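Reading through the structure tokens given below for one structure.
All values below come from the heavy atoms of this structure, side chains included, with hydrogens, waters and symmetry mates left out. This is a predicted model, so every value here is computed, not measured. Sequence lines set the chain letters: A, B, ... in the order given, protein chains first and strands last, and positions in each chain run from 1.
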Amino acid sequence: MKSEPNVFSIDDLKASKTTYWSGVRNYQARNFMRDRMKVGDRILFYHSNVEPIGIAGMAEVVKAGYPDFTAWDPKDKYYDPASLPSKPVWYMVDIQFMKRCRSVIPLKRLKENPALKKMGVVQKGSRLSVQPVAPEEWKAILKFPEWD
DNA sequence: GCCAACGTTGGC
DNA sequence: GCCAACGTTGGC
């Protein structure tokens, strides 16, 4: 899951322990949260846009997909009149802090790793803010010393 | 700050 | 249903 650290960082998650992943307004990302993510699933927390760009920590799903209520609030930045409580369009999950990397695993190093060639986040133009991680990719990422 | 890549919108 | 125009994302 990608986040801009100046908006919400791994340290913010560490401080709040849990959070709801609201504001996703992309159908593909929504589908992952609504249909694929289950309680206990682990998440890589990725810092985008701001140096250092890369994986900053790990979290886990503590509540599976449910309607993103921020879409119903006209004053919310992510308000979407097309989404109704009776017929929600957008979904989110709750995640809980697990681990912070000693230092961010830079995107550059992810790109250098042959096992991560196909990983979504290293592809050019990859903009999906919630995306799956293959088991082999997960294994390779856990080997980075930044987790120690 | 730039700009390529992408998703969405809306006219036809 | 097509596709150009537009807005956004996000690495550099």
Length of the line joining [X]:[atom1] and [N]:[atom2], which is rounded to integer Å:
{"X": "A:Glu51", "N": "C:dG11", "atom1": "CD", "atom2": "P", "answer": "9 Å"}
{"X": "A:Ile53", "N": "C:dT9", "atom1": "CD1", "atom2": "P", "answer": "15 Å"}
{"X": "A:Asn31", "N": "B:dG7", "atom1": "CG", "atom2": "C1'", "answer": "14 Å"}
{"X": "A:Lys124", "N": "B:dC3", "atom1": "NZ", "atom2": "P", "answer": "14 Å"}
{"X": "A:Gln28", "N": "B:dA5", "atom1": "CD", "atom2": "P", "answer": "18 Å"}
{"X": "A:Glu4", "N": "C:dG11", "atom1": "CD", "atom2": "P", "answer": "9 Å"}
{"X": "A:Met119", "N": "C:dG11", "atom1": "CE", "atom2": "P", "answer": "12 Å"}
{"X": "A:Leu110", "N": "C:dG10", "atom1": "CG", "atom2": "P", "answer": "15 Å"}

Discussion item. Under 4.0 Å from OP1 or OP2 of C:dG10: is there any side-chain N or O of A:Lys2 that close?
Written reply: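 Result: yes.
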
Item to complete: Please state whether the phosphate of C:dG11, meaning OP1 or OP2, lies under 4.0 angstrom from any side-chain nitrogen or oxygen of A:Tyr46.
Response: yes

Discussion item. Under the criterion salt bridge (Lys or Arg N to Asp or Glu O under 4.0 Å), I'd like the reasoning laid out for A:Arg102 against A:Asp148: C-alpha separation, chi angles, the key distance, then a yes or no.
Written reply: CA-CA 7 Å; A:Arg102 188 161 39 75; A:Asp148 300 336; 5.1 Å; no

Worksheet item: Of the candidate nucleotides C:dG11, B:dA5, B:dG7, which contains the atom at the shortest distance from the side chain of A:Asn26?
Response: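 The closest nucleotide is B:dG7.
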
Item to complete: May I ask you to say what A:Lys111 touches in the nucleic acid, namely base, sugar-phosphate or nothing, with a heavy-atom cut-off under 4.0 Å?
Response: sugar-phosphate

Worksheet item: Can any side-chain N or O of A:Ser16 pair as donor or acceptor with the backbone N or O of A:Thr18 at less than 3.5 Å?
Response: yes

Discussion item. If we check ring-ring contact (aromatic ring centres under 6.0 Å, His included) with A:Trp21, which of these qualifies: A:Tyr91, A:Phe32, A:Phe45?
Written reply: A:Phe45

Fill in: Passing candidate, ring-ring contact (aromatic ring centres under 6.0 Å, His included) with A:Trp90, options A:Tyr20, A:Tyr27, A:Trp72
A:Tyr27

